[in-house]
Amino acid sequence: MKYEYLLDWYDSNKRTLPWRNTKDPYMIWLSEIMLQQTQVSVVIPYYNKWIKTFPTIEKVAKADLDNLLKLWEGLGYYSRCRNFHKASQYVVTNYKGIIPRDYDLFIALPGVGEYIASAVMSIAYDQSYPAIDGNLKRVISRYLGLRKITKRNLFRIKKKLNTMIQINPGDINQALMDIGSSICKSTIAKCSICPLNITCKAASSLDATQYPEKKKKKSIPTKHFISGYISYDNYILITKRPSTGLLAGLWELPMVEYRNDSKLIDVLNDYTTKSLGCGVNIINKIGVVKHAYSHYKICITLFKCEPKNINVKNSQWIHLNEIDDFTFSKANHKLFNSIGIIND
DNA sequence: TATGCGTGGAG
DNA sequence: TCTCCAAGCAT
């Protein structure tokens with residue numbers, strides 16, 4: 001077979017990863033969800049913790065979303081977790097807990113796109129679908145000498161891959177992913193040790209990393225927030241974010257965006273009075289926390305406050321001991337650290 | 001097709 | 001510190 005050398009390379013060079021010890025489609029699916037835009041080394045502990053807690057898809061379907069989000073805390077892109085929960089419930093309800101072998105049925109599930117559908121169908125079920133992630137796009141672009149990722153070139157990449165995955169598609173897909181992550185990286189191409197180097201167009205060029213062209217990144221804006229550490233006795237006030245959008249369903253210290261022309265002191269009292277019902281007296285400034293999301297940065301100024309009254313709406317008083325029971329974003333953990341509350 | 005969606009590692 | 005990058009999907 002023409003591409004058997006890729007399988008040979010994979011056998012002796014593949015990384016040992018927790019989700020490679022199994023053909024269980026649930027585990028492979030979970031790993032693919034977690035690995036979206038996320039480094040392998042970051043995913044491994046989250047994956048192990050999740051599988052230990054939820055060894056089957058039925059357990060996921062039965063779980064409360066808040067408990068799932070707590071396990072996901074810190075991994076980012078939390079809609080992956082919400083979609084996986086929904087999809088698990090759909091599979092348990094409609095497919096008796098058996099993950100569909102049919103590509104069209106599987107890709108119809110929330111959070112499953114072309115890549116994940118192809119990866120699971122090929123790795124777990126040995127079906128010939130090219131799992132075209134960022135690695136394969138880059139590796140095959142270079143192999144074919146393609147400068148740009150256009151629709152037409154993507155078609156060429158898919159066509160080429162279809163000739164490569166006729167036998168053992170799961171291992172071929174993963175071999176190419178491993179080549180992409182260890183040899184044919186975005187900024188470094190170690191062509192001398194690449195099993196594809198004989199026939200690779202980019203390998204015989206001056207600089208393989210010129211393929212394909214990188215998109216220019218747009219600079220991202222900074223938004224300014226004011227936040228309140230509002231407490232009495234050992235209780236603090238937290239709010240739950242909306243169920244859609246950024247950090248959906250996570251908890252946070254009350255915070256509100258302000259404009260440059262607004263009076264900082266008034267903003268927090270207005271917000272807590274109108275939206276939370278308590279209103280605050282500001283005691284002192286605790287500090288400033290900066291954090292970056294993928295599409296904008298935030299700068300949060302945190303004030304220690306006392307509530308004018310403790311009857312609140314759209315928010316909840318929790319004891320300091322209970323903080324670990326709720327899911328907070330990274331920015332909020334930075335706020336906690338600035339206060340001196342150290343938690344995981 | 002472009003943008004929203006998080007976080008931590010690496011240079 | 002700053003910037004780019006890392007197994008994408010939804011809209």
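All heavy atoms count here, side chains included; hydrogens, waters and symmetry mates do not. In what follows, chains are A, B, ... by sequence order, proteins preceding strands, each numbered from 1.
- At the heavy-atom level, A:Leu247 lies under 4.0 Å from the strands shown only through sugar-phosphate atoms.
- Taking the 5' to 3' direction, DNA chain B first and last meets chain A under 4.0 angstrom from a heavy atom at B:dT3 to B:dG9.
- A heavy atom closer than 4.0 Å to some atom of DNA chain B occurs in A:His291, A:Ala292, A:Tyr293, A:Ser294, A:His295, these being the qualifying members of residues 285-299 of chain A.
- A salt bridge links A:Arg20 and A:Asp178; the closest N-O separation between the charged side-chain nitrogens and carboxylate oxygens is under 4.0 Å.
- If A:Ser329 and A:Lys185 are placed on DNA chain B by their nearest nucleotide, the residue sitting closer to the 5' end is A:Ser329.
- For A:Asp133 and A:Arg138, the salt-bridge test fails: no basic side-chain N is under 4.0 Å from an acidic carboxylate O.
- Between A:Ala248 and A:Ser41, the one whose closest nucleotide on DNA chain B sits nearer the 5' end is A:Ala248.
- Under the salt bridge (Lys or Arg N to Asp or Glu O under 4.0 Å) criterion, A:Lys70 pairs with A:Glu73, not counting sequence neighbours.
- Remark: A:Lys96 does not engage A:Glu58 in a salt bridge, criterion side-chain N to carboxylate O under 4.0 Å.
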Contact list (N/O, under 3.5 angstrom) for nucleotides 7-11 of chain C vs protein:
{"from": "C:dA7", "atom 1": "OP1", "to": "A:Asn135", "atom 2": "OD1", "distance (Å)": "2.7"}
{"from": "C:dA7", "atom 1": "OP1", "to": "A:Asn135", "atom 2": "ND2", "distance (Å)": "2.6"}
{"from": "C:dA7", "atom 1": "OP2", "to": "A:Asn135", "atom 2": "OD1", "distance (Å)": "3.3"}
{"from": "C:dA7", "atom 1": "O5'", "to": "A:Asn135", "atom 2": "ND2", "distance (Å)": "3.1"}
{"from": "C:dA7", "atom 1": "O4'", "to": "A:Asp133", "atom 2": "OD2", "distance (Å)": "2.6"}
{"from": "C:dA7", "atom 1": "N7", "to": "A:Glu32", "atom 2": "OE1", "distance (Å)": "3.1"}
{"from": "C:dA7", "atom 1": "N7", "to": "A:Glu32", "atom 2": "OE2", "distance (Å)": "3.3"}
{"from": "C:dA7", "atom 1": "N6", "to": "A:Trp19", "atom 2": "NE1", "distance (Å)": "2.9"}
{"from": "C:dA7", "atom 1": "N1", "to": "A:Arg15", "atom 2": "NH2", "distance (Å)": "3.1"}
{"from": "C:dG8", "atom 1": "OP1", "to": "A:Gly134", "atom 2": "N", "distance (Å)": "3.2"}
{"from": "C:dG8", "atom 1": "OP2", "to": "A:Gln37", "atom 2": "N", "distance (Å)": "2.9"}
{"from": "C:dG8", "atom 1": "OP2", "to": "A:Gln37", "atom 2": "NE2", "distance (Å)": "2.9"}
{"from": "C:dG8", "atom 1": "O5'", "to": "A:Gln37", "atom 2": "NE2", "distance (Å)": "3.4"}
{"from": "C:dG8", "atom 1": "N7", "to": "A:Gln37", "atom 2": "NE2", "distance (Å)": "3.4"}
{"from": "C:dC9", "atom 1": "OP1", "to": "A:Gly113", "atom 2": "N", "distance (Å)": "3.1"}
{"from": "C:dC9", "atom 1": "OP1", "to": "A:Ile116", "atom 2": "N", "distance (Å)": "2.9"}
{"from": "C:dC9", "atom 1": "OP2", "to": "A:Tyr115", "atom 2": "N", "distance (Å)": "3.4"}
{"from": "C:dA10", "atom 1": "OP1", "to": "A:Gly111", "atom 2": "N", "distance (Å)": "2.5"}

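- Near DNA chain B, meaning a heavy atom under 4.0 Å from it, residues 209-227 of chain A has A:Lys218 in order of number.
- Not a single side-chain hydrogen bond (donor to acceptor under 3.5 Å, both in side chains) links A:Tyr211 to another residue, sequence neighbours left out.
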